[in-house]
Amino acid sequence: MAVKIEKRSGCVIATLDGDIDHHTAKNIRESIDSEVEKTKPKILKLDFNKVNFMDSSGIGLIMGRYKLMKLLNGDLELINVSQRIGKIMRLSGIYKLKKY
Amino acid sequence: MAVKIEKRSGCVIATLDGDIDHHTAKNIRESIDSEVEKTKPKILKLDFNKVNFMDSSGIGLIMGRYKLMKLLNGDLELINVSQRIGKIMRLSGIYKLKKY
Amino acid sequence: MKIINEMRLVFPSKSLNESFARTTIASFISCLDPTISELADIKTAVSEAVTNSIVHAYKETVGSIYISSQIYENGKITIKIKDKGSGIEDVKKAMEPLFTTGGEERAGLGFAVMQSFMDKIKVISKIGKGTTVTMEKTIIPRVKLNK
Amino acid sequence: MKIINEMRLVFPSKSLNESFARTTIASFISCLDPTISELADIKTAVSEAVTNSIVHAYKETVGSIYISSQIYENGKITIKIKDKGSGIEDVKKAMEPLFTTGGEERAGLGFAVMQSFMDKIKVISKIGKGTTVTMEKTIIPRVKLNK
Ligand SMILES: Nc1ncnc2c1ncn2[C@@H]1O[C@H](COP(=O)(O)OP(=O)(O)O)[C@@H](O)[C@H]1O
Ligand SMILES: Nc1ncnc2c1ncn2[C@@H]1O[C@H](COP(=O)(O)OP(=O)(O)O)[C@@H](O)[C@H]1O
């Protein structure tokens, strides 16, 4: 699992690559949070384009980042969610937090 | 594992695809031999281009086809042998049977 | 119904084995030629159960996780994931969506995923003894199964 | 030397498990980030030992095959493959290249491959009791191993 962090005009974009599970979530979380706490962006975008696998640890990861962004009066956006990963996203009710 | 058999002017070409082990060798052997015994080609070509894995069951498969082609006064040719599979070919001494 | 293949696997409750466990199950059931979506469902359910043993059952320690699986002639797959960890006090409550004792970063959705992605799930647990999760899913075999 | 991960696997001696066994070992050692060639060596050696248990040890029957593996801190991998089958009368002779009791389609190169592709191999066998093959290979870890 790798995570690439980019900054772009008030945005932080985290591109996730590989499997998201409890083992890999820790690293991803730390990389994202350290950047977000430093930059305090308006929007945090999580890019799932290269994610092959995600279990409910990934949902925990998203919920945690959602709360963090609310604290900072910012927004969270999920982009490039594949059908395969969409299934667990829908089950989690995460789409009800806001429209994506 | 799949094997595709083609005939071309005195030649039988068997394109192997996937893993060659004791489990898959039986099928490959049967497909090749039934064609060779019917066609009695001058040359049997085994194409390893799409072979990801091969253990010594593959060497047994090659030796067996070599003997069969000798019986028919024909020749065996191995084509597109990758470096990875080349290692077990070299260890087997199969290259000493003839120059490839 | 006849069992056509089976396996048993034991490994320590280290988080790097979450991917090892689901990859092994994926390889084991590959003879049924599952669809990408069937495969993803089963890998996810296994990942949830194994993660629970690592995160909750053996919270501060490392213990053994036991997986066994059978494939039946009709395409039924059974998977049992067992630990000898803390056990669950109230299984019914634990299985409610969003319930978690795992803190901030756990979604409380592990059991919900297992229930929704598999055909059947049974949980047996005893405080101080451990937990066994048994799951079942039937895949319509798309290839002839021989031997 | 400290063990950083280990596993045990049991499955029946059916030929479709030849690929299951080598895929599982490949997944288990992936945390060491082996090169393609190191991975191919280990998969091939495992395939040879497992095939021998299927073809020779449990010739006319189906029995259990037991694999256990350890990964050490320094990148050493040990793999043990055990059967309770026929056993080998003369291990030294069996290990000679080209020796086979398996007829036409066996090359008699299984042990030669294990010896050449792994750093060490030890074979213990008893007629009527079974055979244990223990192999070892050290991979220079290319990633930091944590947990
Ligand atoms: N193997 C287990 N051993 C002990 N407790 C468990 C186990 N599996 C689940 N639990 C308990 O059930 C709760 C709900 O589990 P789950 O639905 O998977 O969500 P999560 O893992 O996100 O907490 C856990 O928080 C934990 O209290
Ligand atoms: N697990 C085993 N149980 C019984 N006999 C075995 C076992 N492994 C190897 N042998 C014996 O050793 C011989 C040589 O094995 P090997 O070098 O792997 O070549 P092959 O499998 O092609 O015969 C086999 O033909 C068989 O007689």
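Here is the naming used below: chain letters follow the sequence lines, and residue numbers restart at 1 for every chain. Below, each value reflects all heavy atoms present in this structure, side chains not excepted, and no hydrogens, waters or symmetry copies. Everything numeric in this text was worked out from a predicted model, so none of it was measured.
- Without hydrogens or angle criteria, B:K45 side chain to B:C11 main chain gives no donor-acceptor distance under 3.5 Å.
- With a 4.5 angstrom heavy-atom cutoff, D:D41 touches chain B only via side-chain atoms.
- Side-chain contact, B:N27 with B:T24: no donor N or O sits under 3.5 Å from an acceptor N or O.
- Under the 3.5 Å distance criterion, the side-chain polar atoms of D:Y66 are left unmatched by any main-chain donor or acceptor of D:F11.
- Counting heavy-atom pairs closer than 4.5 Å to chain B, the top residue among D:S19, D:A45, D:A107 is D:A107.
- At distances below 3.5 Å, not a single donor-acceptor pair connects side-chain atoms of D:E136 with backbone N or O atoms of D:D119.
- Neither the backbone nor the side chain of B:K26 comes within less than 4.5 Å of any heavy atom in chain D.
- When heavy atoms are compared at a cutoff of 4.5 Å, D:T44 approaches chain B by way of both its backbone and its side chain.
- Side-chain contact, D:E48 with B:S56: a donor N or O sits under 3.5 Å from an acceptor N or O.
- Options D:S116, D:P97, D:S47 differ in how many heavy-atom pairs under 4.5 Å they form with chain B, and the most are formed by D:S47.
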